[in-house]
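Sequence lines set the chain letters: A, B, ... in the order given, protein chains first and strands last, and positions in each chain run from 1.
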Amino acid sequence: MATKLLELSGVSRTFTQGSETIRALQKTDFSIEPGEFVAVIGPSGSGKSTFLTIAGGLQTPTSGTVTIDGMDVTGMNTKQLSRVRLEHVGFILQASSLVPFLTVEDQLELRNRVTGTKVDEKARRALFDKLGISKLRKKYPSDLSGGERQRVAIAKVLYGDPSLILADEPTASLDTIKAFEVVELLARETRERGKATIMVTHDERLITYCDRVYEMHDGVLKQRKNH
Amino acid sequence: MFLGINEIKHDKARFVLIIAVIALISYLTYFLTALAYGLATSYTQGIDKWNASGIVLQKDANNNVGRSLLTAANYDSVKGVDKAKLGVSSATVELTKKKDIALFGVERSSFIAPNVTEGRAVESSTEVVASDDLKLIGLKLNDELKFKGSDVGYKVVGFTDHATFQTAPIVYLDLSEWRVATAAISGMGSMRDVSTISAIVTRHNAGIFAYDDSVLTWQSIRDFSFTLPGYSAQVATFGTMIGFLIFIASFMLAIFIYILTIQKKSMFGILKAEGVPNRYISRSVKTQIVILVSLGMFVGVVLTLLTGWGLTGKVPFLVQPLFFVAITALFLFCAAVGGIASVRVVTKIDPVEAIG
């Protein structure tokens, strides 16, 4: 059996809002292995984002344990969690998660600056070639189209070499053709590099690229049978 | 570092404006400080350059050196101290324009005789040394200088610097000749005597200092400065004004820096979600603040010095390095406070909010 890159067991999350207790995520078990591309679909407010932020170590669950890349992150403090995210998790967000005043190549260099390492020029060039964004190296995010921006976001994530990739509505701002391109790219890279990717989306058409599909309703995560 | 500098490079126009605002705030503060300090100095620099400890005046003169009259016996009663006789009066000269001046009568060998920066010292009673401020209205070496009300001409044999008293440039002449000139200017030439002086300037040594305190009064040079007509009111007014200016400008700077950083809150939130540590974000914010404030204040100082240079002779303007250093330090401190406050907000950002 392959190692699990993410494992949630008995994870739930409740919020109190005024006098009401909201169960954003009901007791959930979930795991993903290298090379798997999993989609979570559901209407807004269903708990998708809560699921994703817990999976990515952005918030701690009310109960249950979360294991990222073999590490139990449940009891970690914010500093330790930050380090886990930096080294093991890559985020692709619906709005561009790029820094507006950095050029495309500097977006990748930022990681080296933060970790105090040298730019891996070979890896960066290879990524740019593979994702077809070599010509954009010197451009700023504001000069790019929505599709180009998401490609750069994917390049940025892959450059960090995380085990787990979490994509939150990565195609929200794209037209159908561009959306398919981006998801196809993400699926391909996930398999080739042995990453584990969870994509939250509400676009049913995109799930053709996924190994498994989950549906989220009122905080309950269920795997879809025919997928 | 990387973030802070790249942002400045990318949004050049925006950051030029931000630096311009900081430069203008600091320019205003530096410039007004130099003006006020220049004005205050022009009241007293003629007496500050004595390096004296104090001054003896006639008790009944109520600290007004122009009204003080001392006799030879009064002079002899001052003991145990280095002393110099001083005559003070005022006159008007007409060069390219009319100008009120202060007339100082001093003995050639006394310690309050002016240091000559151009030309030579007075060697006869028909010679004078003048403040170099009078060069700005056309006075030259070897010119003949006449005082309104007197027909006698004096030869200008030397100039001295930093010589103003109550904002008027000083003309120095022999003490004996000062009596003649002062009597002539006031139209009482026949009433002049041979021993009267206005004040005795003292410089303390190890001896026991004594004087006839029934008719005389001694005060330190600093206290004497504050009794000059208008001086203390002026120093208090400008001091308060500039104090408030610095206070308000520092606050503005702190708020400005705070807003500048807060605007980038969502971007920092995303970076935090990606695992970029707080320490890295704080450092880049601080680097940026240091760059902006240093550049802005540097431009402010340069503008101040250029303006001062352009205004030479037109208004009293003097850079006091200590004040400038203090203002700079205060501004940097306030910018740091604004920066730290914004960094605190940044470190408290919940990355979940940035993602959601």
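Of all heavy-atom pairs spanning B:Pro351 and A:Arg85, the tightest one is CG-NH2, 4.2 Å. Closest non-hydrogen pair, B:Val352 versus A:Thr53, comes out as CG1-CG2, 4.1 Å. Nearest heavy atom pair, residue A:Ser82 against residue B:Gly275, reads OG-O, 3.1 Å. In terms of heavy atoms, A:Leu58 sits closest to B:Ala273 at CD2-CA, 3.7 Å.
Within 6.0 Å of NZ on A:Lys27 lie no more than 12 heavy atoms contributed by other residues, nucleotides or ligands. Annotation for A:His202: atom NE2 does not count as buried by contact number, only 12 or fewer foreign heavy atoms lying within 6.0 Å. Heavy-atom contacts from other residues, nucleotides or ligands closer than 6.0 Å to CZ of A:Phe15 number more than 12. Within a 6.0 Å radius of CD in A:Glu121, more than 12 heavy atoms belonging to other residues, nucleotides or ligands are found. Under a cut-off of 6.0 angstrom, the local environment of CD in A:Gln17 is sparse, with at most 12 non-hydrogen atoms contributed by other residues, nucleotides or ligands. Under a cut-off of 6.0 angstrom, the local environment of NZ in A:Lys139 is sparse, with at most 12 non-hydrogen atoms contributed by other residues, nucleotides or ligands. Counting non-hydrogen atoms of neighbouring residues, nucleotides and ligands closer than 6.0 angstrom, the CG atom of A:Asp218 reaches no more than 12 such neighbours. Heavy-atom neighbours of B:Arg14 CZ from other residues, nucleotides or ligands within 6.0 Å: above the threshold of 12.
When side chains are defined from C-beta on, A:Val114 does not count as touching B:Phe2, because their heavy atoms never get closer than 4.5 Å. Side-chain contact between A:Leu102 and B:Leu3: present, with at least one pair of heavy atoms (C-beta onward) separated by less than 4.5 Å.
The structure places NZ of A:Lys79 at 6.5 Å from CZ of B:Arg279, a figure rounded to the nearest 0.5 Å. From B:Lys264, atom NZ reaches atom CZ of A:Phe101 across 6.0 Å, with rounding to the nearest 0.5 Å. Atom OG of A:Ser97 and atom CE of B:Met267 lie 12.0 Å apart (nearest 0.5 Å). Within the model, atoms CD1 of A:Ile92 and CD of B:Glu274 stand 10.0 Å from one another, a figure rounded to the nearest 0.5 Å. Here the CG atom belonging to B:Asp11 is positioned 8.5 Å from the OH atom belonging to A:Tyr140, to the nearest 0.5 angstrom.
Of the two parts of B:Leu271, only the side chain, counted from C-beta on, holds a non-hydrogen atom closer than 4.5 Å to a non-hydrogen atom of chain A. For A:Pro162, no part lies under 4.5 angstrom from a heavy atom of chain B. Heavy atoms of A:Lys156 lying under 4.5 Å from chain B belong exclusively to its side chain.
The candidate with the highest count of non-hydrogen atom pairs below 4.5 Å against chain B, out of A:Thr78, A:Val89, A:Asp106, A:Thr115, is A:Asp106.
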